[in-house]
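The shown structure was predicted, so the numbers you read here are calculated from the model rather than taken from an experiment. Residues: numbered from 1 along the sequence shown.
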Amino acid sequence: MVVWSVVSFVLLLAGIGALAWYYAKQKHVELEETYPEKDPLLALSPTPSMKATLKYFWVVAALWVIQVGLGAVTAHYQVEGSGFYGIPLAEWLPYSITRTWHTQLGILWIATAWIATGLFVAPAVSGHEPKYQRFLVNVLFVCLLIIVVGSMAGQWFAVQQRLGLDTNFWFGHQGYEYTDLGRFWQLFLTVGLFLWLFLMVRGIWPALRKAKDDRHLLILFLIASTAIPVFYIPGLLWGQHTHLAIAEYWRWWVVHLWVEGFFEVFATVVIAFLFTRMGLLRISTATTSVLFSTIIFLFGGIIGTFHHLYFSGTPIGVLAFGATFSALEVVPLVLVGFEAYENLTLSRARPWVAAYKWPIYYFIAVAFWNLVGAGLFGFFINPPIALYYMQGLNTTPVHGHTALFGVYGMLGIGLMLFCLRGLTKRRKWKTKALSFSFWAINIGLALMVLLSLLPIGLMQTWASVKHGMWYARSAEFMSQEIIHNFVWLRVIGDTIFAIGALVLGWFILGLKTGWSLTDEPLQYAEENETHAK
């Protein structure tokens with residue numbers, strides 16, 4: 001483990017050097033950019049199926065606020081055990097259910113935001129509304145609601161031990177983090193994802209047939225969309241009595257390849273797509289960037305999945321491959337500062353881009369947390385020697401919160417605001433609430449980690465090295481006064497974060513009721529609509 005940990009450090013540095021050289025060679029051979037004078041997206045009239053995606057975003061906002069609340073309750077149980085400020089909440093919502101719902105809702109609301117974005121973008125790209133598209137979008141929405149409510153109800157009954165073992169496997173709680181939902185709900189979700197892919201293909205296909213310049217980007221968009229349902233299938237490849245090591249193998253396909261791999265690819269493609277449609281990015285540049293990023297992400301990501309399997313009875317060869325290739329996952333994240341700066345530059349390209357300022361700022365936050373959460377904190381627990389001592393301590397949720405929410409959550413919010421801007425296009429937004437929520441969410445996330453999770457994780461790591469993993473996770477260690485003080489310090493970050501989440505939810509609700517809209521028409525909107533007619 002020590003040897004392969006050192007090898008992974010060396011390979012990481014080599015990869016960073018190679019990427020920096022490539023970037024320096026390729027960059028700044030660009031023509032002078034000419035950005036559109038008016039917003040090309042505002043000239044689009046939302047089709048019926050595009051309008052039907054609006055309710056997806058209401059659900060995304062609601063699920064996120066619920067998830068934040070469950071996270072606060074789960075964290076509080078660490079201090080009070082079975083109560084919440086004196087209320088015996090654990091009688092109805094025990095720790096195992098609040099933690100399950102907290103992690104599961106994180107995946108579900110982020111995936112729903114991306115699904116809705118895809119359904120919104122497809123007809124906008126092709127300019128074609130397939131027959132019955134709106135009806136099928138509504139059917140998919142009902143399916144997603146049934147999956148969310150049904151799986152959460154099943155998990156509650158399972159934790160209360162009101163289901164038999166067979167019924168629990170199919171409709172209750174499988175006990176695997178991020179794939180907790182019963183097998184029936186997994187199958188239902190898989191069918192729903194393939195229905196989404198079908199809607200995406202029929203929406204994009206007309207554009208693909210007549211496309212010339214952006215044909216390659218469209219193909220990449222379809223490939224990335226196809227990967228999302230296809231790479232969820234490994235979550236179905238274990239059974240009720242499968243050996244734990246085999247089940248863990250397939251589970252990490254879902255957690256690592258589905259979430260950390262193809263979500264990343266889909267994210268890269270969608271952002272490139274939006275910017276090319278707005279005329280802020282050349283199609284050739286976008287296609288090259290997406291291809292290059294995808295190759296690097298998947299080159300490190302697919303084989304790098306093995307770093308989750310070091311201690312599942314795997315041989316030394318797997319340790320070697322996992323250590324070296326998972327180190328390469330950090331390489332593309334090193335230069336995301338350039339990506340953040342370029343996005344910031346684009347946000348100031350033309351006066352009309354100001355309407356998209358806060359969605360683009362969320363994309364900038366994605367780049368920041370990609371480096372810090374996925375890169376630094378991810379690699380912090382990644383080498384074999386680190387995982388041996390640190391797996392399952394508070395160092396893991398440091399990476400989990402900053403990478404899953406910091407990258408995919410921020411991106412989900414950014415994409416949601418992007419689409420809502422297109423669906424509420426005639427009037428300017430009141431952006432003070434958006435500004436406050438953006439900074440509160442980011443500052444709250446940073447304080448949550450720096451004031452609580454990271455110090456506790458480092459203390460546990462020291463205890464694990466000195467005495468053993470058993471002691472670092474023991475009640476004796478976790479009940480020390482200094483640990484309790486750090487847990488209480490988390491209230492600061494959590495509160496700021498939760499207020500930001502509530503304000504964002506309030507703002508999104510205000511887009512429906514009108515309190516988040518001004519009476520001032522959006523600049524260039526009327527001109528563009530006249531031109532479009």
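For the pair W253 and L237, the minimum side-chain heavy-atom distance is 4.5 Å or more. Proximity of I496 to W439: side-chain heavy atoms (C-beta onward) are nowhere separated by under 4.5 Å. The closest side-chain heavy-atom distance from L454 to F377 is below 4.5 Å. Between L423 and F120 the shortest side-chain heavy-atom distance falls below 4.5 Å. For the pair F436/I499, a side-chain contact is recorded, criterion being any heavy-atom separation below 4.5 Å from C-beta on. Side-chain atoms of T117 and F57, non-hydrogen and from C-beta on, do get closer than 4.5 Å to each other. Taking the side chain as every heavy atom from C-beta outward, L108 and L144 never approach each other to under 4.5 Å. Using a 4.5 Å cut-off on side-chain heavy atoms (C-beta onward), W205 and L208 make contact.
Among all heavy-atom pairs drawn from T495 and V491, the shortest one is OG1-O, 2.5 Å. The minimum heavy-atom distance linking A501 with V65 is given by the pair O-CG2, 4.1 Å. The heavy-atom pair separating W250 from P234 by the smallest distance is CB-O, 3.4 Å. Taking both residues in full, the closest heavy atoms of P359 and L417 are given as CG-CB, 3.7 Å, listed atom of the first, atom of the second, then distance. Between V269 and A224 the shortest heavy-atom distance is CG2-CB, 4.2 Å. Residues V398 and T402 come closest through the heavy atom pair O-OG1, 2.6 Å.
Of the candidates L371, V372, V366, V407 forms a side chain to side chain contact (heavy atoms under 4.5 Å, CB included) with just one, namely V366. Partner of Y356 under the ring pair (Phe, Tyr, Trp, His ring centres under 6.0 Å) criterion, chosen from Y362, F363, F418: F418.
In this structure a side-chain-to-backbone donor-acceptor pair under 3.5 Å is present from R251 to E177. The backbone N or O of I97 lies less than 3.5 Å from no partner atom in the side chain of Q155, so there is not a single donor-acceptor pair. W109 contributes no side-chain N or O that, together with a main-chain N or O of G409, makes up a donor-acceptor pair within less than 3.5 Å. Proximity of a side-chain donor or acceptor of S516 to a complementary backbone N or O of F507 within less than 3.5 Å is detected. In this structure, D180 contributes its side chain and Y178 its backbone to a donor-acceptor pair below 3.5 Å. Looking at T518, its side chain does come within 3.5 Å of a backbone N or O of K428 through a donor-acceptor pair. Distance alone, capped at 3.5 Å, places no donor-acceptor pair between the S452 side chain and the V449 backbone. Within the 3.5 Å criterion, the main-chain N or O of L434 finds no donor-acceptor partner in the side chain of W358.
Residue K55 qualifies as enclosed at atom NZ: its count of foreign heavy atoms under 6.0 Å is above 12. Counting heavy-atom neighbours within 6.0 Å of R99 CZ, excluding the residue itself, gives a total of 12 or less.
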Would you check, one step at a time, whether the test side-chain contact (heavy atoms from CB on, under 4.5 Å) holds for W369 with N442?
CA-CA 9 Å; W369 289 110; N442 280 279; 2.8 Å; yes
Please evaluate residues T103 and I107 with respect to the criterion side-chain contact (heavy atoms from CB on, under 4.5 Å), reporting the C-alpha separation (whole Å), side-chain torsions for both, the decisive distance (0.1 Å), and the verdict.
CA-CA 7 Å; T103 53; I107 295 289; over 6 Å; no
I would like to know whether V270 and L411 meet side-chain contact (heavy atoms from CB on, under 4.5 Å); could you show each step before the answer?
CA-CA 10 Å; V270 168; L411 181 60; over 6 Å; no
Please determine whether side-chain contact (heavy atoms from CB on, under 4.5 Å) holds for the pair W185 and I146, giving the CA-CA distance in whole Å, both sets of side-chain angles, and the decisive distance to 0.1 Å.
CA-CA 9 Å; W185 305 113; I146 293 170; 4.1 Å; yes
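One finds the CG atom of L517 at 5.5 Å from the CG atom of L511 (value rounded to the nearest 0.5 Å). Here T305 contributes atom OG1 and H256 contributes atom NE2; the two are 4.0 Å apart, rounded to the nearest 0.5 Å. The distance from atom CZ of F497 to atom CD1 of I443, rounded to the nearest 0.5 Å, is 12.5 Å. Note: L451 CG to L447 CG = 5.0 Å, rounded to the nearest 0.5 Å. Remark: L70 CG to L63 CG distance equals 10.5 Å, nearest 0.5 Å. Atom CG of L404 sits about 9.0 Å away from atom NE2 of H399, to the nearest 0.5 Å.
Ring centroid separation for the pair F405 and W64 comes in under the 6.0 Å cut-off. Checked against the 6.0 Å centroid criterion, the rings of W258 and Y232 qualify as a close aromatic pair. Proximity of the aromatic rings of W506 and W515 is defined here by a centroid distance below 6.0 angstrom, and this criterion is met.
Ion pairing between E129 and R134 fails under the 4.0 Å rule for side-chain N and carboxylate O.
Both tests pass for K357 against the ring of Y361: distance under 6.0 Å to the centre and angle within 45° of the axis.
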